[in-house]
K.L.:
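Right, I'll just put the structure down here and ask away after.
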2 protein chains.
Amino acid sequence: MARSSTNLRYRILNQARQTLVSEGYRALSMRRLANSVGCTATSIYLYFQNKDALFHALIDEGIGLLHQKLVQAGQSAGQAKDRLQDLAEAFLDFGLKNPEYYEVMFLLHPEHMERYPAEKYRKARENLEFFAQALAEDAGRPQNPTKEDRLQANVVWASLHGAVSLLLAGRVDVRLDQKLFLNTLVKQFIQPTSP
Amino acid sequence: MARSSTNLRYRILNQARQTLVSEGYRALSMRRLANSVGCTATSIYLYFQNKDALFHALIDEGIGLLHQKLVQAGQSAGQAKDRLQDLAEAFLDFGLKNPEYYEVMFLLHPEHMERYPAEKYRKARENLEFFAQALAEDAGRPQNPTKEDRLQANVVWASLHGAVSLLLAGRVDVRLDQKLFLNTLVKQFIQPTSP
DNA sequence: AGAGAAACTTGACAGTGTTAACTTAACAGT
DNA sequence: ACTGTTAAGTTAACACTGTCAAGTTTCTCT
């Protein structure tokens, strides 16, 4: 096979992402992936320790992408409540528009895959911190999220994750209006300004 | 191999459940399962159309078990708010104490498995209806959950599911007190009686 | 040009879900 | 007691899977 000029690792990762998005998790085998990228299955092992490591690389990408979207959403000036709303919407939007990314990131857990290395969770924690900050500010203690804010951030996170994962799995009653469902969910943790 | 006296289907299902609980999803292959039950892999196909069908049978069990727990929790007399709390706790308890059941039921979605047949969702819908009823009653319109109640029930459901699935995946910050986390989450949708 | 390192392939191992074809056991009717 | 039929299991195979040790090719540097 012709020695490829460009970085093979890069091409493998690209193809993996593409296959994952277009044909789903099941279609992603080492041999098939190798085939569509133009090398042998074992070559992949030169760049990734194993199949899980490949997925981890995709998780990296996914976390980066989500991070980016949350940074954007978090930049909106104005009330903390609005920022919180924007953050929530950004998360939901990311999840629903990138189902395959979302799947590798949050739905393929340790039972099926080697644990995603803890030291790489920094960005993931940062993502959570955005929520904590908006919550802190909203509660009138800007700049320094307390333990309580972080707790609340986790709750918000869990709710959003629950909604996305149920929707992606097709487990929410189809007769339900999806937008209404998500709005109601978001309102649940965005308390109206106390009268 | 000695012809077994008792129903093989029954024994397969039993062993499958046990293996799933004790060794996890990965360890459950047709050959291994057959081995530990004392038959050949192909014999399983006499009782289950394929591996997915076997999982579906386990989902059935799981839904039944959850149903049972919710019925119990829903029977508690007293205020609707308390019943709602009990229902939520029962759900969380079920999820955290039966991780493997929970996994087959909610975490192995269509991407990895043939869709769970829609007609079997009756009991699953009933489970959701419990929440809708408690919510309706709490909102002062007993006996007949409205569209809004059902919407709210889905929101509650999503939040609970999000919490359980994050916890099971080990994705909630370990420094967080789990009980506090869950309590905070539950309080989110159980509004305090308006003053 | 020749040595050494880097990039990639061959061929195999042990496992997977699944199927078609075969064998064995149990039971009914003559 | 001897059939014919049906049910219950098994054998052997197919086409896959992830992964690894060993071998080959290509590039780079002296």
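Every heavy atom of this structure was used, including side-chain atoms; hydrogens, water molecules and symmetry mates were not. Every chain is numbered from 1 and lettered A, B, ... according to where its sequence line falls, protein lines coming before strand lines.
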K.L.:
If a protein heavy atom is under 4.0 Å from the base, mark B; if only from the sugar-phosphate, S; if neither, -; do that for nucleotides 10-19 of chain C going 5' to 3'.
P.N.:
BBB---BBBB
K.L.:
Kindly state each residue pair satisfying salt bridge (charged side-chain N to carboxylate O under 4.0 Å, His left out) with at least one member in residues 28-41 of chain B, sequence neighbours excluded.
P.N.:
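Of all non-adjacent pairs touching residues 28-41 of chain B, those that pass salt bridge (charged side-chain N to carboxylate O under 4.0 Å, His left out) are B:E23-B:R32.
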K.L.:
What is the separation between atom CG on B:L46 and atom C1' on D:dT6, rounded to the nearest whole Å?
P.N.:
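After rounding, the reported distance stands at 13 Å.
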K.L.:
Send over the distance from B:F48 CZ to D:dA8 P, rounded to a whole Å.
P.N.:
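It works out to 14 Å between those atoms.
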K.L.:
Have a look at B:Y47 and say if it touches a base, only the backbone sugar-phosphate, or nothing, with a 4.0 Å heavy-atom cut-off.
P.N.:
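The answer is sugar-phosphate, as B:Y47 gets under 4.0 Å only of primed atoms, P, OP1 or OP2.
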K.L.:
According to salt bridge (charged side-chain N to carboxylate O under 4.0 Å, His left out), does anything in residues 61-75 of chain B pair up with another residue at least two apart or in another chain? List the pairs.
P.N.:
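Only B:R17-B:E61 qualify under salt bridge (charged side-chain N to carboxylate O under 4.0 Å, His left out).
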K.L.:
CD1 of B:I44 versus P of D:dT10: gap in Å, rounded?
P.N.:
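One finds 10 Å between P of D:dT10 and CD1 of B:I44, rounded.
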K.L.:
Looking at B:E148, I want to see if its CD is surrounded by more than 12 non-hydrogen atoms of other residues, nucleotides or ligands under 6.0 Å.
P.N.:
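No, CD of B:E148 has 12 or fewer neighbouring heavy atoms, counting only those of other groups under 6.0 Å.
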K.L.:
Taking CG from A:L33 and P from D:dT17, how many angstroms apart are they, rounded to a whole number?
P.N.:
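Interatomic distance, CG of A:L33 to P of D:dT17: 11 Å.
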K.L.:
Indicate yes or no: at least one non-hydrogen side-chain atom of B:H67 is less than 4.5 angstrom from one of B:F130.
P.N.:
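With C-beta onward as the side chain, the pair touches.
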K.L.:
So, A:T19 versus A:Q15: side-chain donor-acceptor pair below 3.5 Å or not?
P.N.:
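Side-chain D/A pair, A:T19 to A:Q15: present.
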K.L.:
A:N35 has an atom CG; how far is it from atom P of C:dT9, in whole Å?
P.N.:
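A:N35 atom CG is separated from C:dT9 atom P by 11 Å.
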K.L.:
Got a second to check how far A:L182's CG is from A:F91's CZ, nearest 0.5 Å?
P.N.:
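Rounded to the nearest 0.5 Å, the CG-CZ separation comes out at 11.5 Å.
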